[in-house]
Visitor: 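Below is a structure I'd like to ask you about.
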Amino acid sequence: FGAEISGTAVWFSRNAHHDDTVNKLLDVGYHFLVQKVAKIFEENDVPYEIGILHKAQSKNAKPLVYDFVEWLRPMIIDATLLKFLHRKKKSFKYLDKKSIPHFVYEIKKSCKRLFYHKHLKYCITLDYWITLNVLSLRSTVTENKKPKFYFPSLPHETKSKKPPEGGCASEIYNKKV
């Protein structure tokens with residue numbers, strides 16, 4: 001990660017609540033993602049107080065949400081931050097008032113990006129993918145079903161099961177989604 005941003009911003013390592021630009025934007029992105037995933041858990045009546053990889057550090061902790069966010073951070077926050085930094089014309093050492101809302105806007109766009117879901121055989125957004133996995137977790141626990149967690153298909157995985165003609169971005173296909 002550090003090698004990818006050298007020259008565009010000052011960053012040494014991941015330190016939550018640190019003063020440098022990259023860590024501040026990562027904090028903003030992770031907080032946004034935690035809130036988004038927690039809302040999906042709440043909308044689907046899935047408790048998040050007990051996690052698999054994380055444990056509660058405070059009364060308001062959301063360990064199971066943090067577990068989900070671990071899967072999503074590289075795909076949504078880290079990738080969006082790299083694109084965001086590379087679009088800057090000059091070195092990005094200080095945050096201005098417009099940068100944080102613009103970065104959050106870019107994250108929201110990433111969550112609305114369409115991916116071909118090879119098991120469903122149609123395109124879905126990352127938002128919908130998160131919801132499907134939360135619902136799968138709920139049925140695993142409440143109905144004692146085998147877990148079915150699906151990740152969005154990567155380009156090399158769709159060679160045998162191609163997305164629709166024109167891909168997920170085609171206008172005709174987007175009307176169905």
Visitor: Which atoms form the tightest heavy-atom contact between D27 and A16, and what is the distance?
Guide: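 Result for this residue pair: OD1-CA, 3.6 Å.
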Visitor: How about T125 and C111: do any of their side-chain heavy atoms sit closer than 4.5 Å?
Guide: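 No, side chains not in contact.
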Visitor: Nearest 0.5 Å please: distance from the CG atom of L26 over to the CG atom of L33.
Guide: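 Rounded to the nearest 0.5 Å, the CG-CG separation comes out at 11.5 Å.
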Visitor: Sequence neighbours left out, what passes side chain to side chain donor-acceptor pair (under 3.5 Å) with Y66? Give chain and number order.
Guide: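 Side chain to side chain donor-acceptor pair (under 3.5 Å) list for Y66, sorted by chain: empty.
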Visitor: If the condition is side chain to side chain donor-acceptor pair (under 3.5 Å), which residues does E42 pass it with, not counting sequence neighbours?
Guide: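 Side chain to side chain donor-acceptor pair (under 3.5 Å) list for E42, sorted by chain: Y48.
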Visitor: Are any non-hydrogen side-chain atoms of K62 and Q35 less than 4.5 angstrom apart?
Guide: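 Contact flag for K62/Q35 side chains = yes.
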Visitor: Ignoring hydrogens, what is the shortest heavy-atom contact between S136 and S139? Give both atom names and the distance.
Guide: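 Residues S136 and S139, closest heavy atoms: O-OG, 3.1 Å.
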Visitor: Can you see whether D78 engages Y30 through a side-chain donor-acceptor pair at a distance of less than 3.5 angstrom?
Guide: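 Yes, Y30 and D78 have a side-chain donor paired with an acceptor closer than 3.5 Å.
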Visitor: Does anything in residues 129-138 pair up under salt bridge (charged side-chain N to carboxylate O under 4.0 Å, His left out), and if so which pairs, sequence neighbours excluded?
Guide: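 Salt bridge (charged side-chain N to carboxylate O under 4.0 Å, His left out) check on residues 129-138 returns no pairs.
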Visitor: With sequence neighbours excluded, tell me which residues meet salt bridge (charged side-chain N to carboxylate O under 4.0 Å, His left out) with R113.
Guide: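 Listed in chain order: nothing, the list is empty.
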Visitor: What class does the angle between the rings of F68 and W71 fall in, given that below 30° is parallel, 30 to 60° is tilted and above 60° is perpendicular?
Guide: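 F68 and W71: tilted rings.
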Visitor: Answer yes or no: is there a side-chain heavy-atom contact under 4.5 Å between L25 and I77?
Guide: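 L25 vs I77: side chains apart.
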Visitor: Starting at CG of L126, measure out to CD1 of I107 and round the result to the nearest 0.5 Å.
Guide: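 Between atom CG of L126 and atom CD1 of I107 there are 12.5 Å.
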Visitor: With a 4.5 Å cut-off on side-chain heavy-atom distances among I, L, V, M, F, W and Y, is there a chain of contacts connecting F84 to I100?
Guide: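 F84 and I100: one cluster.
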Visitor: For K112, check salt bridge (charged side-chain N to carboxylate O under 4.0 Å, His left out) against everything at least two apart and list the hits.
Guide: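 Counting only residues at least two positions away or on another chain, K112 forms a salt bridge (charged side-chain N to carboxylate O under 4.0 Å, His left out) with D127.
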Visitor: Does any non-hydrogen side-chain atom of L85 lie less than 4.5 Å from one of V22?
Guide: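 V22 vs L85: side chains touch.
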Visitor: CG of L72 to OG of S110: how many Å apart, nearest 0.5 Å?
Guide: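 L72 CG to S110 OG: 11.5 Å, rounded to 0.5 Å.
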Visitor: Applying salt bridge (charged side-chain N to carboxylate O under 4.0 Å, His left out), name anything that partners E49, two or more places apart in sequence or on another chain.
Guide: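 Result, salt bridge (charged side-chain N to carboxylate O under 4.0 Å, His left out) vs E49: none returned.
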Visitor: Mind checking whether I130 and V37 have side chains closer than 4.5 Å, heavy atoms only?
Guide: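 Result yes, sub-4.5 Å side-chain heavy-atom pair found.
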Visitor: Are Y122 and I124 packed together at the side-chain level, in the sense that at least one heavy-atom pair is separated by less than 4.5 angstrom?
Guide: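 Answer yes - side chains close enough.
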Visitor: With distance as the sole test, does N44 use its side chain to make a donor-acceptor pair with the main-chain N or O of T131 at under 3.5 Å?
Guide: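 The answer is no, because no donor-acceptor pair under 3.5 Å joins these two groups.
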Visitor: Report yes if the side chains of K36 and K39 come closer than 4.5 Å at any heavy-atom pair, otherwise no.
Guide: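 K36 vs K39: side chains apart.
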Visitor: Just verifying a value: how many Å separate Y128 OH and N133 CG, rounded to the nearest 0.5 Å?
Guide: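 Answer for the OH-CG pair, Y128 versus N133, is 11.0 Å.
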